[in-house]
Peer 1: 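Dropping a structure here in structure tokens format, bear with me for questions.
Counting convention: from 1, in listed order, for ligands and their atoms alike.
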Amino acid sequence: MRLVLVGPPGAGKGTQAQYIASNLSIPKISTGDIFRANVSGGTDLGKLAKQYMDRGDLVPDEVTIAMVRDRLSEDDAQDGFLLDGFPRNVAQAEILRDMLKDWGQALDLVLELVVDDDEVVRRLAGRRTCSQCGRIWHVEFDDKKDDKCDACGGALFQRDDDKEETVRHRLEVYQEQTAPLVSYYADEGVLVGVDATGPVEEVTQRAMEEIRPFMG
Ligand code: ADP
Ligand code: ADP
């Protein structure tokens, strides 16, 4: 199963990706996570990406695409994958299509997580990430009274780019550059919209119902 998750920042892509990928036993490939790991590791890629991420802009396509190509070439991605945060514009989508075609592969399904703007802002404002295991939490919705991860005990942090001003810019970037992917994938005949409001488990169930017909 080769899947892509699209949706605005804060829609719940990372959260749903954890559960969907584990249900399907496929790797979850989150470009934001890979960039953040490079930033913390102080790599050249991280130093370059950070300048864009701090502003809420997209990292240049050639850098992002090379990174995804490497990741998709790894053994664990040969029988399927779940992409979260990639592609993020039509140019990336076209290159992904060509790359997969060269390998005799194609996307099975693109799930669009649909939520309104107010909910997105609420979700981003309270987002916390575990510094050890990378799990995503929410101060209000997960009733986090401490700054510890319930899964591993690691310290939670707030992402630099979840500050109000950067959030506003990221939402603009989404509307301008990423939202056109919805019609691109609708034209390709692989798009399905999923109502991403309500409890996390219900959203996962809705997503799994859309995925089930494509399971071998
Ligand atoms: P969110 O889940 O809030 O949408 P991500 O973790 O996916 O954010 O991405 C964080 C940042 O990483 C983006 O704002 C962007 O700077 C960079 N990034 C992630 N994926 C891509 C991509 N496919 N193309 C370009 N930049 C990306
Ligand atoms: P994205 O990857 O699309 O930017 P995340 O998965 O990081 O989004 O989720 C953003 C925030 O919203 C996180 O704090 C997460 O815990 C919270 N969240 C995700 N899904 C839901 C949901 N169904 N209901 C309430 N909060 C949610």
Peer 1: Any donor-acceptor pair under 3.5 Å linking the side chain of Gln16 with the backbone of Leu5?
Peer 2: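 No, Gln16 side chain to Leu5 backbone: no donor-acceptor pair under 3.5 Å.
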Peer 1: If you round to the nearest 0.5 Å, how far is CD of Gln105 from CG of Asp79?
Peer 2: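 Nearest 0.5 Å value for the CG-CD distance: 9.0 Å.
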Peer 1: For the residue pair Asp161 and Thr166, confirm or rule out a side-chain donor-acceptor distance under 3.5 Å.
Peer 2: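 No, because no side-chain N or O of Asp161 sits under 3.5 Å from a partner of the opposite role on Thr166.
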Peer 1: Test of understanding: given a 4.0 Å heavy-atom threshold, classify the contact between Thr64 and ligand 1 as side chain, backbone, both, or neither.
Peer 2: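 It is the side chain that touches ligand 1; the backbone stays farther off.
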Peer 1: Looking at Pro9, which atoms of ligand 1 are within less than 4.0 Å of one of its heavy atoms?
Peer 2: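 Listed by number with element: 3 (O), 4 (O).
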Peer 1: Using only heavy-atom distances, determine whether the side chains of Glu119 and Thr197 contain a donor-acceptor pair under 3.5 Å.
Peer 2: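 There is no such pair (donor and acceptor under 3.5 Å, judged by atom type) between the side chains of Glu119 and Thr197.
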Peer 1: Using a cut-off of 6.0 Å, state whether more than 12 heavy atoms not belonging to Asp75 lie near its atom CG.
Peer 2: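 Counting other residues, nucleotides and ligands, CG of Asp75 stays at 12 neighbours or fewer.
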Peer 1: For atom 23 (N) of ligand 2, what's the nearest protein heavy-atom neighbour? Residue, atom name and distance, please.
Peer 2: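 Of every protein heavy atom, Gly198 O, 2.8 Å lies nearest to atom 23 (N) of ligand 2.
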Peer 1: Which residue and non-hydrogen atom of the protein lie closest to atom 4 (O) of ligand 1, and at what distance in Å?
Peer 2: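 Of every protein heavy atom, Arg88 NH2, 2.8 Å lies nearest to atom 4 (O) of ligand 1.
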Peer 1: Looking only at heavy atoms of Gly7, does any of them come nearer than 4.0 Å to an atom of ligand 2?
Peer 2: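 Contact absent.
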Peer 1: Which ligand 2 atoms are under 4.0 Å away from a heavy-atom of Val200?
Peer 2: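 Heavy-atom distances to Val200 below 4.0 Å select 20 (N), 21 (C), 22 (C), 23 (N).
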Peer 1: Can you tell me which portion of Arg159 lies within the under-4.0 Å heavy-atom range of ligand 1? Options are side chain, backbone, both, or neither.
Peer 2: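 Looking at Arg159 and ligand 1, just side chain atoms fall under 4.0 Å.
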Peer 1: Backbone or side chain, does any N or O of Asp84 fall under 3.5 Å from an N or O of ligand 1?
Peer 2: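 No - when backbone and side-chain N and O of Asp84 are compared with those of ligand 1, no distance drops under 3.5 Å.
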Peer 1: Counting non-hydrogen protein atoms only, what is the nearest one to atom 15 (C) of ligand 1? Give residue, atom name and distance.
Peer 2: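 Protein heavy atom with the smallest distance to atom 15 (C) of ligand 1: Asp57 O, 3.5 Å.
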Peer 1: List ligand 2 atoms under 4.0 Å from Pro8, heavy atoms only on the residue side.
Peer 2: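 Near Pro8, meaning under 4.0 Å from one of its heavy atoms, ligand 2 has 3 (O).
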Peer 1: Can you tell me the protein heavy atom closest to atom 18 (N) of ligand 2 and the distance?
Peer 2: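 Among all protein heavy atoms, the one nearest atom 18 (N) of ligand 2 is Arg123 CD, 4.0 Å.
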Peer 1: Charged N to carboxylate O under 4.0 angstrom, Asp57 versus Arg55?
Peer 2: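 Yes, this pair counts.
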Peer 1: Under 4.0 Å from any heavy atom of Gly14, which atoms of ligand 2 are there?
Peer 2: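 Once the distances to Gly14 are compared, the set is 1 (P), 2 (O), 6 (O).
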Peer 1: Got the closest protein heavy atom to atom 25 (C) of ligand 2, with its distance?
Peer 2: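 Heavy-atom neighbour on the protein nearest atom 25 (C) of ligand 2: Phe141 CD1, 3.3 Å.
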Peer 1: Is Arg55 touching ligand 1 with its side chain, its backbone, both, or neither, if touching means heavy atoms under 4.0 Å apart?
Peer 2: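 Neither part.
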Peer 1: Grab the two heavy atoms, one from Pro9 and one from Leu171, that are nearest each other, plus how far apart they are.
Peer 2: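 That closest heavy-atom pairing would be CD-CD2, 3.9 Å.
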Peer 1: In this structure, does ligand 2 have an atom that sits under 4.0 Å from one of the heavy atoms of Ser30?
Peer 2: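 For ligand 2, residue contact (heavy atoms, under 4.0 Å) with Ser30 is absent.
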Peer 1: Kindly determine whether Arg97 and Leu107 satisfy side-chain contact (heavy atoms from CB on, under 4.5 Å), including the steps that lead there.
Peer 2: CA-CA 8 Å; Arg97 182 193 55 201; Leu107 292 178; over 6 Å; no
Peer 1: So if I count the atoms of ligand 2 from 1 in the order they appear, which ones are less than 4.0 Å from some heavy atom of Thr15?
Peer 2: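 Counting from 1, the qualifying ligand atoms are 5 (P), 6 (O), 9 (O), 15 (C), 19 (C).
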Peer 1: Give me the residue, atom name and distance of the protein heavy atom closest to atom 26 (N) of ligand 1.
Peer 2: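 Its nearest protein heavy-atom neighbour is Val59 N, 3.0 Å.
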Peer 1: In ligand 2, which numbered atoms sit nearer than 4.0 Å to a non-hydrogen atom of Trp137?
Peer 2: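 Listed by number with element, the hits are 13 (C), 14 (O), 16 (O).
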